[in-house]
Number of protein chains: 2
Amino acid sequence: MAEQPASVAVSTVIFGIQDHGGTAKVHLPLVRRVREPHLGRWALPGGPLRPDESLRDAARRNLADTTGLDAAHLEQLYTFGAVDRGAPDRVVSIVYWALVRTEVAATTRDDPNVAWFPVDALPPLAFDHEEIVGWAVRRLKNKLGYTQISHALLPEEFTLGQLREVHEAILGRRLDPANFRRRAEASGTLTPTGAHQAGARNRPPALYRSTVREELLT
Amino acid sequence: MAEQPASVAVSTVIFGIQDHGGTAKVHLPLVRRVREPHLGRWALPGGPLRPDESLRDAARRNLADTTGLDAAHLEQLYTFGAVDRGAPDRVVSIVYWALVRTEVAATTRDDPNVAWFPVDALPPLAFDHEEIVGWAVRRLKNKLGYTQISHALLPEEFTLGQLREVHEAILGRRLDPANFRRRAEASGTLTPTGAHQAGARNRPPALYRSTVREELLT
DNA sequence: ACAAAAGTGTTACCCTTACACCCATGC
DNA sequence: GCATGGGTGTAAGGGTAACACTTTTGT
């Protein structure tokens with residue numbers, strides 16, 4: 001333990017898909033601050049790094065502490081360490097971003113100081129957290145293009161229509177179903193379960209299971 | 001100032017192109033450690049973050065202190081903070097990576113404890129610095145593909161042949177000169193100066209100047 | 001029958017790659 | 001003239017985007 005010019009914190013931007021007026025939208029959970037500074041404002045889950053935990057473990061702990069959830073994907077985003085970030089003492093924040101599956105996100109532990117917001121309609125945030133969320137959203141959009149990261153937002157089994165909805169929610173535009181299907185199939189990361197999803201008032205779509213390895217998403 | 005479980009350091013991976021047996025190769029400067037632990041080993045330039053400097057400023061200071069050089073490109077790479085990274089106390093290292101221009105790299109201040117090494121023939125490094133260099137090299141290769149970052153390794157004016165040599169050095173394979181030229185021209189980031197480089201025993205190549213904005217390289 | 005989404009087929013277009021070929025200079 | 005890299009032309013192949021069309025369900 002040494003006297004330091006800056007303390008180390010870890011925060012996490014958590015993304016999940018939720019229904020918002022009939023269409024899937026990207027949401028994220030925020031925590032209402034119960035201390036100064038920025039008391040009462042919404043902020044990203046986070047807190048000081050503990051001496052015996054890795055950065056990644058700290059991020060996972062943020063997730064568990066605030067939502068009780070488990071991440072399907074977790075990855076370092078960026079480190080923010082400007083001299084004045086809105087706190088009285090200097091804090092260097094290592095920020096992670098996480099993806100949780102839809103059905104998991106729905107089971108968020110009840111807490112009056114935790115709530116999910118659509119990323120395109122966030123309340124004013126504490127510190128420099130709006131900038132941080134901006135970085136995370138950009139990264140999410142980018143990674144969508146060259147990895148199969150979107151699978152981590154869906155349940156174990158899903159239809160190509162659901163997968164496409166996720167992409168449309170993140171990119172903010174409609175995608176051609178035919179071309180999307182071919183792309184998805186060509187990725188070689190989907191295996192049909194053989195089952196079909198009944199119930200809709202149209203042709204029952206095939207169910208798929210993702211076969212991507214977490215290690216390949218870097 | 002608070003009692004902390006971890007101290008904050010900033011290190012920088014600096015890349016420059018140098019001639020190595022007739023062909024251009026990617027090099028980086030290392031510093032010989034003059035203190036325990038890992039006394040005598042080569043390490044990345046770096047040191048503790050000062051209270052009144054930004055992370056980026058600290059990285060720039062690493063560069064100036066060890067080589068006396070100025071970076072044409074400087075960007076955050078990743079933050080390494082495992083519990084045991086080879087130092088007695090816990091250190092969280094925010095690592096930056098930098099590109100310096102060839103003619104600048106040649107003017108490195110003389111210092112027996114600083115030397116440039118080809119990235120494909122590094123000595124054993126201190127701490128987890130080999131892993132860090134690996135990350136930086138990967139990032140450099142990637143960014144080469146979708147930005148004009150390579151311009152930052154060359155002088156203000158350069159030929160397409162030189163630019164191609166840089167790419168070949170980084171990718172480790174030969175590129176088709178014809179296709180490389182078209183790609184470079186199509187990027188819209190090069191303006192011919194009108195001058196040609198005389199002296200070679202072949203047709204004098206046209207000189208170009210880069211018009212990329214540093215902000216667009218993210 | 002009809003609507004609505006699943007799923008297949010087809011075509012135009014662009015970008016990349018490979019490679020043939022000409023140009024200008026030093027020796 | 002000849003070697004050497006600079007610079008232009010061209011054609012094949014692969015991937016993407018646009019869109020027509022068929023299939024299968026619920027109502």
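Throughout, protein chains are lettered first and strands after them, A, B, ... in sequence-line order, and every chain is numbered starting at 1.
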Expressed as a whole number of angstroms, how long is the span from [X]:[atom1] to [N]:[atom2]?
X	N	atom1	atom2	result
B:F180	C:dA18	CZ	P	15 Å
B:R173	C:dT17	CZ	C1'	11 Å
A:E185	C:dG7	CD	C1'	9 Å
B:Q162	D:dG6	CD	C1'	13 Å
A:D176	C:dC13	CG	P	18 Å
A:F158	C:dA6	CZ	C1'	16 Å
A:R181	D:dT16	CZ	P	16 Å
B:L175	C:dC19	CG	C1'	15 Å

Exercise. Among residues two or more places apart or on two chains, list those pairs meeting side-chain hydrogen bond (donor to acceptor under 3.5 Å, both in side chains) that have a residue in residues 143-158 of chain A.
Key: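 Of all non-adjacent pairs touching residues 143-158 of chain A, those that pass side-chain hydrogen bond (donor to acceptor under 3.5 Å, both in side chains) are A:E75-A:K143, A:S150-A:H167, A:H151-A:S210, A:E157-A:R209.
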
Self-check item: Proximity to DNA chain D (any heavy atom under 4.0 Å), residues of residues 165-172 of chain A only
Solution: none

Exercise. Can you sort out which residues in residues 186-197 of chain B have a heavy atom within less than 4.0 Å of DNA chain D? Ascending by number, please.
Key: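 Nucleic-acid contacts, sorted: none.
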
Using a cut-off of under 3.5 Å, enumerate the N/O to N/O pairs linking the protein to nucleotides 10-13 of chain D.
residue	atom	partner	partner atom	Å
D:dT10	O4	B:R182	NH2	3.3

Exercise. Kindly state whether the ring of A:H38 and the ring of A:F127 have centres lying under 6.0 angstrom apart.
Key: yes

Exercise. Kindly state whether the ring of B:H129 and the ring of B:W42 have centres lying under 6.0 angstrom apart.
Key: no

Identify all pairs in which a protein N or O lies below 3.5 Å from an N or O of nucleotides 25-27 of chain C, and state each distance.
residue	atom	partner	partner atom	Å
C:dT25	O2	B:R201	O	3.1

Exercise. Sequence neighbours left out, what passes side chain to side chain contact (heavy atoms under 4.5 Å, CB included) with A:V91? Give chain and number order.
Key: A:S7, A:A9, A:R85, A:A87, A:S93

Quiz prompt | Among D:dG6, C:dA20, C:dT8, the nucleotide that comes nearest once only the side chain of A:A178 is considered | solution =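 When the side chain of A:A178 is considered, C:dT8 is the closest of D:dG6, C:dA20, C:dT8.
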
Quiz item: Salt bridge between B:R61 and B:E53, side-chain N to carboxylate O under 4.0 Å?
Solution: yes

Quiz item: Taking 4.0 angstrom as the limit, do A:K25 and A:D19 come out as a salt bridge?
Solution: no

